[in-house]
Amino acid sequence: MYTEFCKSLGIEFPIFAFTHCRDVVAAVSNAGGFGVLGAVGFSPEQLEVECKWIDEHVGDNPYGVDLVIPQKYAGMGELDPVKLEEQLRAAIPPQHREFAAKLLADHGIPEIPPDERHHELLGMSLATATPQLDVALRHDKVRMIANALGTPPPEVVERVHESGRIIGALCGKVHQAIGHREAGLDFIIAQGTEGGGHTGEIGSMVLWPQIIEAVKPTPVLAAGGIATGAQMAAALAMGAQGIWTGSIWLTVQEAECPPPQMASYLQATSQDTVRSRSFTGKACRMLRNDWTEAWADDETPDPLGMPLQNMVTMDAIVRTSRYASSPQSQAVAFNPVGQTVGMMNEIESVRDVITGLVEQYVDAVDQLNALQPD
Ligand SMILES: Cc1cc2nc3c(=O)[nH]c(=O)nc-3n(C[C@H](O)[C@H](O)[C@H](O)COP(=O)(O)O)c2cc1C
């Protein structure tokens, strides 16, 4: 499984792990994979703290940072994060705020104390992602930048390349992958609909080979629905240079996850996820709950676009996390995860997950080899 892409990054296994937890990033890179820190929820100052911590805990191993610069979003031209937030706040209809507030009140979720107020605009814009990129590029062990929700703008690609690093991006359609390649990206992450977080409509088994063929020789990482080494073998058999995983790292020992949320993930089956615009404004796979059902109802407001919907729902995300043990918090919490949630039934260490993937991969390859005539 030692692919050219592994070689270029100096890693042992072609296992890429997207996570918001610094402990998971370091543990994956230390176990021979490649940890990628999702920056979207961090202010530049917090991101600096996270990267510094990872630098100190990852030895000489490399890791990556993931940004979210959508191809299209409200307020795109504004590059000042403070002005952008003001401008967007004015565009939010009051009934959306009222509906969100009522859902939280009906579920008995306490309000955040006034001295703990938070920003509503996350890093889902060029204005907010640029300072995050500034931080990432100051850390030598960050060897890769990835971007979600679109082809990163040319100035971002140029900056990453000038710094001697590689840059790639996720996509869920062939034409998006071709756009990434034409923008000069070094690798492409093809994510099938099964995956957690923002995701398209085409299944991995159908999407991966089409994208691999369309962009070759650009390396493609297969994402969406991978939880076992046999699935990894399937991805590599189709020509992927590695796997890009997200969901399976939510239930590892090292993950920072409130116990009620961890319990929801461990109990859920593969039928319990839904693609919903109710939290971020773009279709995102998450656990179905009262919140996703309420916003899908014909009688209720339609979710706004990105990042407006996210600004409306930030209060829900913060409150359900701060008061995670409140009895009904999971009914209105944001639990992004893919269909592999039905295969995530116990808490394991990162090292055990990686060892499991590698051993299952070897078994799968042996099984195929055993089919060869003598
Ligand atoms: C909780 C969660 C949050 C995610 N957030 C992001 C994100 O901020 N940026 C990004 O590029 N991908 C994000 N993703 C998608 C992952 O990078 C990855 O492509 C996906 O999880 C792969 O499919 P899988 O969940 O079946 O492993 C997220 C996935 C999950 C499960």
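All ligand and atom numbering here is 1-based and tracks the order in the structure. Values in this document were obtained by computation on a predicted structure and should not be read as measured data.
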With a cut-off of 3.5 Å and sequence neighbours excluded, list every side-chain donor-acceptor pair involving residues 306-315.
residue: Gln309; atom: OE1; partner: Leu304; partner atom: N; Å: 2.8
residue: Gln309; atom: NE2; partner: Ser278; partner atom: O; Å: 2.9
residue: Thr313; atom: OG1; partner: Phe279; partner atom: O; Å: 2.7
residue: Thr313; atom: OG1; partner: Gln309; partner atom: O; Å: 3.1
residue: Thr313; atom: OG1; partner: Asn310; partner atom: O; Å: 3.4
residue: Asp315; atom: OD2; partner: Arg319; partner atom: NH1; Å: 2.8

**Q.** Per-ligand residue contacts, ligand 1, heavy-atom threshold under 4.0 Å
**A.** Phe18, His20, Val40, Asp66, Val68, Ala148, Leu170, Gln191, Gly195, Gly196, Gly197, Gly224, Gly225, Trp244, Thr245, Gly246, Ser247, Leu250, Pro336
Q: Consider only side-chain N and O atoms of Gln330 and Asn335, and report whether a donor and an acceptor are under 3.5 Å apart.
A: yes
Could you go through residues 166-176 and list every donor-acceptor pair under 3.5 Å that involves a side-chain atom there, pairing it with any protein atom two or more places apart or in another chain?
residue: Gln176; atom: OE1; partner: Gly172; partner atom: N; Å: 2.9
residue: Gln176; atom: OE1; partner: Lys173; partner atom: N; Å: 3.0

Q: Check the angle between the aromatic planes of Phe16 and Trp244 and answer parallel, tilted or perpendicular using the 30° and 60° thresholds.
A: parallel
Q: Using the six-membered ring wherever Trp is involved, compare the ring planes of Phe18 and His20 and label them parallel, tilted or perpendicular (cut-offs 30° and 60°).
A: perpendicular
Extract all donor-acceptor atom pairs below 3.5 Å that involve side chains of residues 132-147 and protein atoms in other chains or at least two apart in sequence.
residue: Gln132; atom: NE2; partner: Ala39; partner atom: O; Å: 3.0
residue: Gln132; atom: NE2; partner: Phe42; partner atom: O; Å: 3.0
residue: Asp134; atom: OD1; partner: Arg159; partner atom: NH1; Å: 2.7
residue: Asp134; atom: OD1; partner: Arg159; partner atom: NH2; Å: 2.9
residue: His139; atom: ND1; partner: Asp55; partner atom: OD2; Å: 2.6
residue: His139; atom: NE2; partner: Glu48; partner atom: OE1; Å: 3.0
residue: His139; atom: NE2; partner: Glu48; partner atom: OE2; Å: 3.3
residue: Lys141; atom: NZ; partner: Asp55; partner atom: O; Å: 2.8
residue: Lys141; atom: NZ; partner: Gly59; partner atom: O; Å: 2.7
residue: Arg143; atom: NH1; partner: Asp140; partner atom: O; Å: 3.2
residue: Arg143; atom: NH2; partner: Gly164; partner atom: O; Å: 3.0
residue: Asn147; atom: OD1; partner: Ile69; partner atom: N; Å: 2.8
residue: Asn147; atom: ND2; partner: Ile69; partner atom: O; Å: 3.2
residue: Asn147; atom: ND2; partner: Gly150; partner atom: O; Å: 2.9

